[in-house]
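Just below is one structure, and these are the notes that go with it.
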Amino acid sequence: MRDADIHPVLRTLRREVRQWPDPVVGVVAKDSSQDPFRILIATVLSLRTKDLTTAEASGRLFALADTPAAMLKLTPARIERAIYPVGFYRNKAVQLLGISRALLGRYGGRVPDDIDELLTLPGVGRKTANLVVTVGYRKPGICVDIHVHRISNRWGYIKTRTPEESEEALRAKLPKRYWITYNDLLVPFGQHLCQPVSPWCSRCKVSDYCDRIGVTRSR
DNA sequence: AAAACGGGGGC
DNA sequence: GCCCCAGTTTT
């Protein structure tokens, strides 16, 4: 895909995405006025779990606690029951308490808006930190989850092997005015249409771009 | 029955 | 770089 193709592709996707169910990030952003703490917690919950199964779990948890101080009043067992059946729920219950403790102790219960500070929190890596910054604070950033990584390469826009490489490549190549839009659209696009195996090319409104670059059609 | 899901951390 | 982490969903 050439640089000049990005704008029409994103514009088309923006029209389509409105009709799809929200991904967990969209749900959280909508239900919480993009509260950074909710973004952070929901993102941790979604690790190594299908994002859509995380949406209900995070909703149940936020009904109990949506601040670090409130979270620290919960026992690990109570958190586990709320977030079941997301994968790794035992580890994640402990981890959520660790994050809440660090936020309360070091930042007065506020969630930092700085990547490097976010990365010091237990279990927070580049994807989670970037998501908090871009979705929680609406600051420009490149948040490469598995969908952004896969689709960027499927389009041939970049050629990278790891999400880390993709973040670097996109930061250098993708015009900055598209950064947030790119993140917002590619996640739901990847979840609902442009999936890892057998994507729904017949329902995809931008499949003509794949045709032009010779990507094989799926169902 | 087996693969898919999918980010972080430890080595 | 490689491998492990846990449990549900899809093939």
Side-chain angles (χ1 to χ4, degrees), chain A residues 20-28 36-61 76-103 111-112 114-136 141-154 158-171 182-184 186-203 216 218-219:
Chain A
W20 305 340
D22 283 319
V24 61
V25 173
V27 171
V28 169
F37 183 68
R38 292 198 186 206
I39 302 290
L40 176 55
I41 296 305
T43 307
V44 169
L45 285 182
S46 76
L47 299 188
R48 291 142 59 204
T49 305
K50 284 191 201 29
D51 278 354
L52 292 175
T53 71
T54 310
E56 296 93 20
S58 58
R60 289 193 299 272
L61 181 59
R78 186 76 191 86
I79 297 177
E80 285 177 23
R81 257 182 292 137
I83 66 180
Y84 185 86
V86 299
F88 293 85
Y89 57 92
R90 293 188 192 88
N91 297 347
K92 285 172 182 174
V94 173
Q95 187 187 343
L96 295 185
L97 288 169
I99 288 176
S100 298
R101 200 172 299 116
L103 289 176
V111 177
D114 177 78
I115 291 287
D116 292 322
E117 293 185 12
L118 287 165
L119 287 174
T120 68
L121 299 171
V124 173
R126 296 210 64 83
K127 185 258 184 173
T128 306
N130 274 122
L131 196 64
V132 170
V133 168
T134 57
V135 179
I142 299 287
C143 176
V144 179
D145 75 339
I146 198 67
H147 301 292
V148 172
H149 173 66
R150 177 183 67 256
I151 296 167
S152 298
N153 279 280
R154 193 172 270 170
I158 55 178
K159 289 180 168 48
T160 54
R161 234 189 64 266
T162 67
E164 288 85 353
E165 291 173 16
S166 292
E167 185 184 333
E168 190 181 351
L170 287 171
R171 199 178 297 282
Y182 197 75
N183 285 341
D184 283 350
L186 259 60
V187 175
F189 179 50
Q191 285 177 342
H192 299 295
L193 279 191
C194 201
Q195 294 152 350
V197 296
S198 56
W200 294 94
C201 299
S202 61
R203 301 179 182 175
T216 313
S218 181
R219 56 181 171 180

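Just so it is clear: chains get the letters A, B, ... in the order the sequence lines come, proteins before strands, and each one is counted from 1.
- Distance check: A:Phe37 CZ to A:Ile99 CD1 gives 8.0 Å after rounding to the nearest 0.5 Å.
- Across all strands shown, nothing is found opposite B:dG6 as a Watson-Crick or G-U wobble partner with both distances under 3.5 Å.
- Listed pair A:Tyr84 / C:dT8 meets the phosphate criterion, a side-chain N or O lying under 4.0 Å from OP1 or OP2.
- Taking atom CG of A:Leu118 as the reference point, atom P of B:dG7 lies 17 Å away to the nearest angstrom.
- Residues A:Tyr89 and A:Arg161 each lie close to DNA chain C; by heavy-atom proximity, the contact nearer the 5' end of the strand is made by A:Arg161.
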Give each protein N/O atom lying under 3.5 Å from an N/O atom of nucleotides 9-11 of chain C, with the pair distance.
none

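- Nucleotides C:dT8 and B:dG8 place their P atoms 23 Å apart, quoted to the nearest Å.
- Using a 4.0 Å heavy-atom distance criterion, A:Pro196 is classed as a sugar-phosphate-only contact.
- Atom pair A:Leu186:CG and B:dG6:P shows a separation of 14 Å (rounding to whole Å applied).
- Atoms OG1 and CD1, from A:Thr54 and A:Ile41 in turn, are 12.5 Å apart once rounded to the nearest 0.5 Å.
- Of all non-hydrogen atoms in A:Cys201 and A:Ser218, the two that sit nearest each other are SG-N, 3.3 Å.
- Atom P of nucleotide C:dT8 and atom NZ of A:Lys92 are separated by 12 Å, given to the nearest angstrom.
- In this structure, the separation between CG on A:Asn130 and CG on A:Leu118 is 9.0 Å, given to the nearest 0.5 Å.
- The line from CD of A:Gln191 to CG of A:Asp145 is 8.0 Å long, rounded to the nearest 0.5 Å.
- With no hydrogens or angles considered, no side-chain donor-acceptor pair links A:Thr43 and A:Thr128 at under 3.5 Å.
- Nucleotides C:dC3 and B:dA3 have their P atoms positioned 16 Å apart, rounded to a whole Å.
- If you take CD of A:Glu164 and C1' of B:dG8, they are 10 Å apart, rounded to a whole angstrom.
- Between A:Thr43 and the phosphate of B:dG7, there is no side-chain N or O to OP1/OP2 separation shorter than 4.0 Å.
- Between A:Ser166 and A:Val144, the shortest heavy-atom contact is CB-CG1, 3.8 Å.
- Under 4.0 angstrom from either OP1 or OP2 of B:dG6 there lies at least one side-chain N or O belonging to A:His147.
- Going from atom CG of A:Asn130 over to atom C1' of B:dG7 covers 13 Å, rounded to whole Å.
- A straight line from CG of A:Asp145 to P of B:dC5 spans 12 Å, rounded to a whole angstrom.
- A salt bridge does not link A:Glu56 to A:Arg60: none of the charged side-chain nitrogens sits closer than 4.0 Å to a carboxylate oxygen.
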Any N/O pairs under 3.5 Å between the protein and nucleotides 9-11 of chain B? List them or say none.
from, atom 1, to, atom 2, distance (Å)
B:dG9, OP1, A:Gly123, N, 2.7
B:dG9, OP1, A:Val124, N, 3.4

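- For CD of A:Glu80, the number of neighbouring non-hydrogen atoms (other residues, nucleotides, ligands) closer than 6.0 Å is greater than 12.
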